[in-house]
Visitor: 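Take this structure first; my questions come after.
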Amino acid sequence: KNQVEQSPQSLIILEGKNCTLQCNYTVSPFSNLRWYKQDTGRGPVSLTIMTFSENTKSNGRYTATLDADTKQSSLHITASQLSDSASYICVVRQYGQNFVFGPGTRLSVLP
Amino acid sequence: DTAVSQTPKYLVTQMGNDKSIKCEQNLGHDTMYWYKQDSKKFLKIMFSYNNKELIINETVPNRFSPKSPDKAHLNLHINSLELGDSAVYFCASSQGPNSYEQYFGPGTRLTVT
């Protein structure tokens with residue numbers, strides 16, 4: 001069964017600290033993996049998109065890694081800011097058409 | 001200059017009614033999508049259209065009928081609304097069906113009472 005799991009379910013950190021969010025998937029055949037940020041009451045916004053051959057991709061303070069062998073990805077946030085408080089959703093695209101969404105990790109950054 | 005817009009933003013209606021949600025994108029994209037996000041914040045794809053043709057149709061009740069009058073618009077009509085239809089519905093678009101990037105609209109919060 002094609003699934004995407006994320007951990008932790010929620011996370012609270014202090015402003016300025018780093019954190020890492022995890023994504024494990026069983027989607028096959030694999031096309032690409034995306035990380036989205038969703039602020040409360042708004043639509044998701046793409047942070048990174050990684051294909052099979054990419055191990056690391058950065059977007060400012062966000063760095064995503066992908067291990068296609070173990071089917072794991074992580075999203076590392078450096079020097080967190082209050083505006084990083086949001087849900088982070090891992091999405092794996094199956095080769096062809098289907099998108100499989102993870103349940104998201106709710107991040108709260110406190111001052 | 002909103003890239004993907006949806007109307008209305010909020011929709012409160014009673015069970016059994018029929019309602020529509022409209023979506024428009026001004027990005028010149030060929031592919032548009034409808035997603036449903038339930039109370040547990042889980043996003044699920046419902047439909048996808050490419051050049052006005054249906055290419056993804058997940059297991060969705062027949063009460064949901066998408067309509068794409070042109071590439072820039074993908075509307076969602078829902079018949080005989082049920083309590084379980086309460087959710088946030090997101091429209092999205094991408095350059096093509098295999099494009100990496102997707103752009104989401106702000107969402108429509110549907111509440112069925």
Side-chain angles (χ1 to χ4, degrees), chain A residues 1-11 21 23 25 27 29-54 57 59 64 66 73 85-108, chain B residues 2-10 21 23-25 27 29-50 53-60 74 87-111:
Chain A
K1 185 179 178 182
N2 292 310
Q3 277 187 318
V4 175
E5 297 177 345
Q6 292 186 242
S7 61
Q9 190 174 37
S10 61
L11 182 62
L21 315 180
C23 172
Y25 62 93
V27 179
F30 174 88
S31 175
N32 60 68
L33 184 146
R34 309 151 184 244
W35 282 94
Y36 285 93
K37 177 187 178 189
Q38 185 176 19
D39 292 312
T40 301
R42 309 191 69 165
V45 174
S46 178
L47 294 176
T48 66
I49 299 171
M50 302 177 72
T51 59
F52 186 88
S53 57
E54 295 174 299
K57 206 160 199 181
N59 177 3
L66 174 64
S73 176
S85 294
S87 287
Y88 291 84
I89 303 170
C90 176
V91 183
V92 180
R93 185 162 195 188
Q94 200 174 15
Y95 189 81
Q97 303 293 352
N98 294 336
F99 295 88
V100 185
F101 284 76
T105 292
R106 178 72 204 172
L107 174 66
S108 298
Chain B
T2 306
V4 182
S5 59
Q6 296 178 228
T7 55
K9 189 168 174 62
Y10 300 96
I21 307 172
C23 177
E24 177 181 1
Q25 53 94 3
L27 298 166
H29 288 169
D30 287 342
T31 308
M32 296 184 72
Y33 311 80
W34 275 111
Y35 291 86
K36 178 182 180 181
Q37 189 169 42
D38 58 27
S39 57
K40 295 183 180 178
K41 306 300 183 185
F42 225 128
L43 264 171
K44 287 185 180 178
I45 192 167
M46 300 173 68
F47 302 103
S48 176
Y49 271 70
N50 184 56
E53 289 197 15
L54 183 66
I55 56 171
I56 294 178
N57 184 0
E58 293 294 305
T59 306
V60 177
L74 181 60
V88 181
Y89 292 84
F90 287 99
C91 177
S93 75
S94 64
Q95 197 158 18
N98 297 314
S99 297
Y100 291 159
E101 194 71 58
Q102 271 188 323
Y103 296 84
F104 282 80
T108 294
R109 181 173 291 279
L110 171 65
T111 304

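Just so we're on the same page: letters track the sequence lines, and every chain starts at 1. Keep in mind the model is a prediction, meaning the values are calculated, not measured.
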Visitor: With a 4.5 angstrom heavy-atom cut-off, which part of A:Ser31 approaches chain B: side chain, backbone, both or neither?
Guide: neither
Visitor: Step through the shown structure and confirm whether more than 12 heavy atoms of other residues, nucleotides or ligands are within 6.0 Å of NZ on A:Lys57.
Guide: yes
Visitor: For B:Phe104 versus A:Tyr36, what's the shortest heavy-atom pair and its separation?
Guide: CE1-CE2, 3.6 Å
Visitor: Closest approach of A:Phe99 and B:Ile45, non-hydrogen atoms and distance?
Guide: CD1-CD1, 4.0 Å
Visitor: A quick test of your reading: do over 12 heavy atoms of other residues, nucleotides or ligands sit less than 6.0 Å from CD of A:Glu54?
Guide: yes
Visitor: For B:Tyr33, which atoms come within 4.5 Å of any heavy atom of chain A: side chain, backbone, both, or neither?
Guide: side chain
Visitor: Which distance, rounded to the nearest 0.5 Å, do you find between the CZ of A:Arg34 and the CD of B:Gln102?
Guide: 5.0 Å
Visitor: Might you confirm whether atom CD of A:Glu5 has over 12 heavy atoms from other residues, nucleotides or ligands at distances under 6.0 Å?
Guide: no
Visitor: Heavy-atom count check: over 12 atoms from other residues, nucleotides or ligands less than 6.0 Å from A:Arg106 CZ?
Guide: yes
Visitor: Do A:Pro44 and B:Tyr35 come close enough that some side-chain heavy atom pair is under 4.5 Å?
Guide: no
Visitor: For B:Gln6, which atoms come within 4.5 Å of any heavy atom of chain A: side chain, backbone, both, or neither?
Guide: neither
Visitor: Might you point out which heavy atoms bring B:Lys9 and A:Gly41 nearest each other, and give the distance in Å?
Guide: NZ-O, 4.0 Å
Visitor: How about CZ on B:Phe42, more than 12 heavy atoms from neighbouring residues, nucleotides or ligands closer than 6.0 Å, or not?
Guide: yes
